[in-house]
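Notes follow the structure.
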Amino acid sequence: MLLPSTRESLPHPSDTHVRGRRDNETVRITVGDLEPGRVGLFDPDAGTLLAEGRLAEFPSLVALFEHMRPRWVWSDTRRWAPLLLTAGVRIERCSDLRLSAAILEWSTDADTSRTEHPPRPSWLAPGPAELALDATHAAASIPGAAAAPATASSADRVALFELDELDDVADGGPREGRIGEASGAASDALGRATPHQVADEHDRQLAIVARSARPPRLRLLLAAESAGALIGAELTAAGVPWDSATHDRVLTDALGPRPRPGAKPARMEELAAHVRIELAAPTLNLDSQVELLRALRAAGIRVDSTARWELREHDHPAITPLLAYKRLARLLSANGWGWLETWVIGGRFRPDYVPGGTATGRWATSGGGALQLPKQVRTAVVADPGWQLVVADAAQLEPRVLAAMAGDLRMAEAARGRDIYQGIVDAGVVATRGEAKIALLGAMYGATTGESGRLLPRLARAFPAAMALVDRAAATGERGARVTTLLGRSSPLPPASWRATQARATEPDATAQDERRARSSARDWGRFTRNFVVQGTAAEWALCWMAGVRARLARLGELEDQSDASPPATAAGPVFARRPHLVYYLHDEIIVHTPAELADEVAVAVRESAADAGRLLFGEFPVDFPLDLSVVQSYGDTGD
DNA sequence: CAGTGTGGCGCG
DNA sequence: AAAGCGCGCCACACTG
């Protein structure tokens, strides 16, 4: 087992005197603030304060204990991990209580009715522990999951903060908004937690997990989520190796030389002039949708928007230069010289990752647009001298996840050892690879019309189990209930406005329009929950994959530390300068920056981790997760 | 004038 | 004409 959480580690021999602990127990150490500016490390199982010191001493205190390979338990990885990384201290594993609470808060797997003592209120979780809203949801998305006959007692529903600012929580209504998002008050509370409070919260969470219907799955999810949080902090610390000169060349080739502030690049001006002539609109500002739409219609081009997909359908001499202009405008505003100056410092792009930042468990980023790096500028991602990039993405991850979740053997068979879309063609389900792709995406996204909708029945006939899973998830969402991923992340409830719309349609004086609107919004939410179970479980696979890669890279790095075959990647910071390390993550794709002589071993580690992730989630179910993997100097050289 | 909403487009 | 999910960011347009 490679995932930090699931590997039981032996305490260092010299630690056995620290406390009488069985060898197979994982040591945990909680981290918190004792008073402003002072940090404490606490052993909750021995009840001992292990160490305390000034905030500046925190990394060296952690370093003192890391050889015991403890699980570091803290409120928020985004607060604590950067302090360690800038000081050159790497840890093996942690528990992020903020992210865990966000998952457990809605974990309908947790059954509070079976215990005399409901979980203690949390100073951490921003909402009431609504633990039993929909007993059937688990069965809807987890094969073989038993529905927990749980009802939340009112004691579970107390507001967890005794803070007036959180009135909206105290009413006990469903919380809306982003997963893992903390209010200002919550952030303050997080910052002030003592190591003892952190320990209490951890105990509370462990108790919820233990009472849940599927403790091993939730345990894996929380471990993976926490590993992800650590990786997110490490990705920022290491940064994406970025060659600004290459980026500048891309910009100059496309746009012309960098213009003075306020001016448009030469290529854009040329194209704009061209468009103005063709539209006979000499003063047209192409950046204004309003003006542009008016000018297009005045020129006899019947469009309802200025969107590219719509413009593309028209044959008019203004269209080609207009589309070229829009493409350049996008490049300039999203990833132009301004972006380069703001986001690339010292040869590294350091985006701010937000692990668990979306409803489905995918990550978000804030600033820099790291998850939207256009293919065009990926040539600027270049390994340091003597280093290489191992770029890998999981081929058709979501359909494979769906096949495995649903236990659909025929679909898994179509995927095994090949392109799943081709496999579907070979199985005689549809005629072409293109049709297979459209049909499968349509199944996961909830298409109803067009080519996709037309192909769905054939897919359903060939793969009834897979189709039934997503259809069930959609039906659950249409009822306004939650669905759950394989490991136990639950979807949010629809907003109050959604419920109001549904309620209105059932009133005696409801109009046809009320009913239509209710039906439409129910379908909308059903498409969300349909996709949630697949996208969310795929995100879980990716977290496990990445956690495995991280663990294996750490082992390679220990060896590499002894050698100096490659020059250090000093811009990667003190922890990673001589070790292969993750530098980029994009839903189903990773990049490892590695000393060149280790690239082949890294590639093996990445592949083995993918296989491990499949087994962690799906056991021996015969599904595979092949990777498209390349060892390159530049991200632009991967061939896709 | 700042704050908010929307269209458009990049990524998976 | 966006059929069909999840995001973030930019510029423009509108609101108060």
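Reminder, nothing fancy here: chain letters follow the sequence lines and each chain counts from 1.
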- Query: Do A:Arg400 and A:Gln396 have a side chain donor and acceptor closer than 3.5 Å?
  - Reply: yes

- Query: Using the P atom in both, what is the distance from C:dA1 to B:dG7, to the nearest Å?
  - Reply: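 Their P atoms lie roughly 16 Å apart.
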
- Whole-Å P distance, B:dT4 and C:dG4: 32 Å

- Message: Under 4.0 Å between a side-chain nitrogen and a carboxylate oxygen: does that hold for A:Asp96 and A:Arg78?
- Response: no

- Task: Check whether any side-chain nitrogen or oxygen of A:Lys375 sits under 4.0 Å from OP1 or OP2 of B:dG12, and answer yes or no.
- Result: yes

- Query: Is any side-chain nitrogen or oxygen of A:Arg523 closer than 4.0 Å to OP1 or OP2 of C:dG4?
  - Reply: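 Checking A:Arg523 against C:dG4: no side-chain N or O falls below 4.0 Å of OP1 or OP2.
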
State which of [options] makes the closest approach to the side chain of [X].
| X | options | answer |
| --- | --- | --- |
| A:Thr365 | C:dA1, C:dG8, C:dA11 | C:dG8 |
| A:Thr358 | C:dC7, C:dC12, B:dG12 | C:dC7 |
| A:Phe528 | B:dG8, C:dC12, C:dC5 | C:dC5 |
| A:Ser333 | C:dG8, B:dG7, C:dC10 | C:dC10 |
| A:Ala364 | C:dC7, B:dG8, B:dG12 | C:dC7 |
| A:Thr449 | C:dC7, B:dG8, C:dA3 | C:dA3 |
| A:Val290 | B:dG12, C:dA13, C:dA1 | C:dA13 |
| A:Asp588 | B:dG12, C:dG4, B:dG7 | B:dG12 |
| A:Thr448 | C:dA3, C:dC5, C:dA1 | C:dA3 |

- Can you find a heavy atom in the side chain of A:Asn335 that is under 4.5 Å from one in the side chain of A:Pro374?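 Yes, at least one pair of side-chain atoms sits under 4.5 Å.
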
For [X], which contact category applies under a 4.0 Å heavy-atom criterion: base, sugar-phosphate, or nothing?
| X | value |
| --- | --- |
| A:Gly446 | sugar-phosphate |
| A:Arg527 | sugar-phosphate |
| A:Ala307 | sugar-phosphate |
| A:Glu310 | nothing |
| A:Leu586 | sugar-phosphate |
| A:Gly453 | nothing |

- Query: Are the ring centres of A:Trp242 and A:Tyr635 closer than 6.0 Å?
  - Reply: no

- Message: For A:His247 together with A:Trp337, are the ring centres under 6.0 Å from each other?
- Response: no

- Please give, in whole Å, the distance from B:dG12 P to A:Arg400 CZ? 17 Å

- Item | Distance in angstrom units between A:Gln535 CD and B:dC11 P, rounded | 17 Å

- Under 3.5 Å donor-acceptor pair, A:Arg530 side-chain atoms to C:dG4 base atoms: no

- Message: Under 3.5 Å, is there any donor-acceptor pair linking the side chain of A:Arg330 to the base of B:dC9?
- Response: yes

- Any donor-acceptor pair under 3.5 Å linking the side chain of A:Glu310 with the backbone of A:Asp304? yes

- Nucleotide paired to C:dG4 in any strand shown, Watson-Crick or G-U, under 3.5 Å: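 Pair assignment: C:dG4 / none.
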
- Start at the 5' end of DNA chain C and walk down; is the nucleotide closest to A:Asn531 or to A:Ser366 reached first?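 Looking at the nearest nucleotide for each, A:Asn531 comes out on the 5' side.
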
- Note on the structure: When A:Glu398 and A:Ser288 are each assigned the nearest nucleotide of DNA chain C, the 5'-most assignment goes to A:Glu398

